[in-house]
Asks: 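The structure is given below, and queries will be raised subsequently.
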Amino acid sequence: MEEIVIKARAKINLALDVLGKRDDGYHDISSVMQTVSLCDTLQIKKIYKPNYGLKLATNVTWLAVDERNLVYRTAAYLKEVFAIETGIFIHIAKEIPTSAGLGGGSADCAATLLGMRKLFKLPLSDDDLMDLAVKFGADVPFCVHGGTAHAMGIGEKLKSLPNPPFAQVLIVKPPVIVSTGEVFAGFTMDKPTTRPDIDKIIHHINQGDLEGMCNEMGNVLEAVTIPLNPQIADIKRVLMAQGAMGAMMTGSGATVFGIFEKHHQMEQVAKAVKATFADIKEIFLTKFEPRRFLR
């Protein structure tokens with residue numbers, strides 16, 4: 001095998017609660033995370049030119065292609081640790097919006113770990129890969145895992161959940177950039193907020209009850225992000241008014257998603273969102289993606 005093409009799929013939080021701040025500055029969370037079909041595509045290729053080293057390219061001009069890029073750092077780490085002698089070329093075709101709560105950078109990192117393990121036949125077990133993933137970011141282990149999972153700790157402690165009933169997911173990204181660090185810094189445990197009942201959501205997923213799951217969705221970080229970006233609440237209202245089974249901000253924002261049973265309904269709602277919010281250009285029609293084997 002001389003090259004591999006691998007999908008780096010986005011994630012959404014079906015529920016997100018913050019349990020407290022840790023001594024290391026991170027926050028403990030409890031979250032139900034779900035992979036969706038929206039994805040970046042990575043091509044990883046062996047290069048047999050002398051002194052080629054590692055090169056990264058993308059389809060967008062604004063993305064760094066050096067040590068500032070998590071994919072570059074991940075590939076460089078694996079190349080050094082496992083003494084990979086051939087050159088490596090990686091191309092990232094970006095589709096997932098950045099700074100959006102969709103885990104795009106983490107998904108690309110996870111795809112790099114998975115893709116290089118397979119392409120270079122690296123001696124990494126699934127457990128090894130998960131242990132390595134957390135070194136690159138809190139969401140990377142889930143992006144390696146995929147499917148549906150209950151995430152604890154800083155997001156690295158995962159318990160697999162059954163795939164929920166199939167659903168369509170309309171993703172709406174307003175034209176703002178949200179800093180995850182600033183949102184968590186602005187969250188206080190004593191601030192009144194509605195907390196999602198994670199146990200109930202997991203129960204509904206185990207029972208295959210999509211409606212029950214949607215009714216229990218919640219994200220405590222909305223209490224921080226929405227006051228700074230009121231359009232998030234406006235998008236949620238439009239999605240629910242148009243018939244979404246549930247609508248919520250994912251991660252620290254500012255992306256909002258709505259869940260639908262039928263694709264044609266989601267298409268109609270996407271048109272309504274475009275008509276209502278002239279400034280919103282990033283709207284994606286996606287679906288739940290089940291967990292796939294790591295190899």
Asks: Apply side-chain contact (heavy atoms from CB on, under 4.5 Å) to residues Asn229 and Val178 and explain how you reach the verdict.
Replies: CA-CA 9 Å; Asn229 302 278; Val178 171; 4.0 Å; yes
Asks: May I ask you to test the Phe142-Thr35 pair for a side-chain heavy-atom distance under 4.5 Å?
Replies: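 Yes, close enough: below the 4.5 Å cut-off.
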Asks: With a 3.5 Å cut-off and no angle check, do the side chains of His145 and Ser160 form a donor-acceptor pair?
Replies: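 Yes.
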Asks: Looking only at the aromatic ring of each residue, does the gap between the centers of Tyr26 and Phe184 stay below 6.0 angstrom?
Replies: no
Asks: Where is the tightest heavy-atom contact between Lys118 and Met1, given as atom of each residue plus distance?
Replies: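 Result for this residue pair: CE-CE, 4.1 Å.
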Asks: With Lys121, which residues qualify under side chain to side chain contact (heavy atoms under 4.5 Å, CB included), at least two apart?
Replies: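 Residues passing side chain to side chain contact (heavy atoms under 4.5 Å, CB included) with Lys121: none at all.
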Asks: Do you see a donor-acceptor pair shorter than 3.5 Å between the side chains of His150 and Ser31?
Replies: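 The criterion, which ignores hydrogens and geometry beyond distance, is not satisfied for Ser31 and His150.
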Asks: Salt-bridged, Glu85 to Lys79, with N to O below 4.0 Å?
Replies: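 Between Lys79 and Glu85 there is no salt bridge, as every charged N stays at least 4.0 Å from the carboxylate O atoms.
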Asks: Does the pair Met249 and Asn13 meet the rule for a side-chain contact (heavy atoms from CB on, under 4.5 Å), with working shown?
Replies: CA-CA 8 Å; Met249 183 184 83; Asn13 299 85; over 6 Å; no
Asks: Among residues at least two apart in sequence or on other chains, which ones pass ring-ring contact (aromatic ring centres under 6.0 Å, His included) with His204?
Replies: none
Asks: Considering residues at least two apart in sequence or located in another chain, which fulfil the side chain to side chain donor-acceptor pair (under 3.5 Å) criterion with Asp128?
Replies: Ser125
Asks: Got a second to check how far Asp126's CG is from Arg117's CZ, nearest 0.5 Å?
Replies: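 Spacing of CG (Asp126) from CZ (Arg117) equals 5.0 Å.
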Asks: More than 12 non-hydrogen atoms from neighbouring residues, nucleotides or ligands closer than 6.0 Å to NZ on Lys45, yes or no?
Replies: no
Asks: Search all heavy atoms of Pro196 against all heavy atoms of Ile201 and return the closest pair with its distance.
Replies: CB-CD1, 4.5 Å
Asks: Strictly below 4.0 Å, N to O, side chains only: are Asp66 and Arg73 in salt-bridge contact?
Replies: no
Asks: Carefully, step by step, assess Val5 and Thr41 under the rule side-chain contact (heavy atoms from CB on, under 4.5 Å).
Replies: CA-CA 7 Å; Val5 176; Thr41 303; 3.5 Å; yes
Asks: Below 4.0 angstrom, N of the basic side chain to O of the carboxylate: do Lys21 and Asp28 qualify?
Replies: no
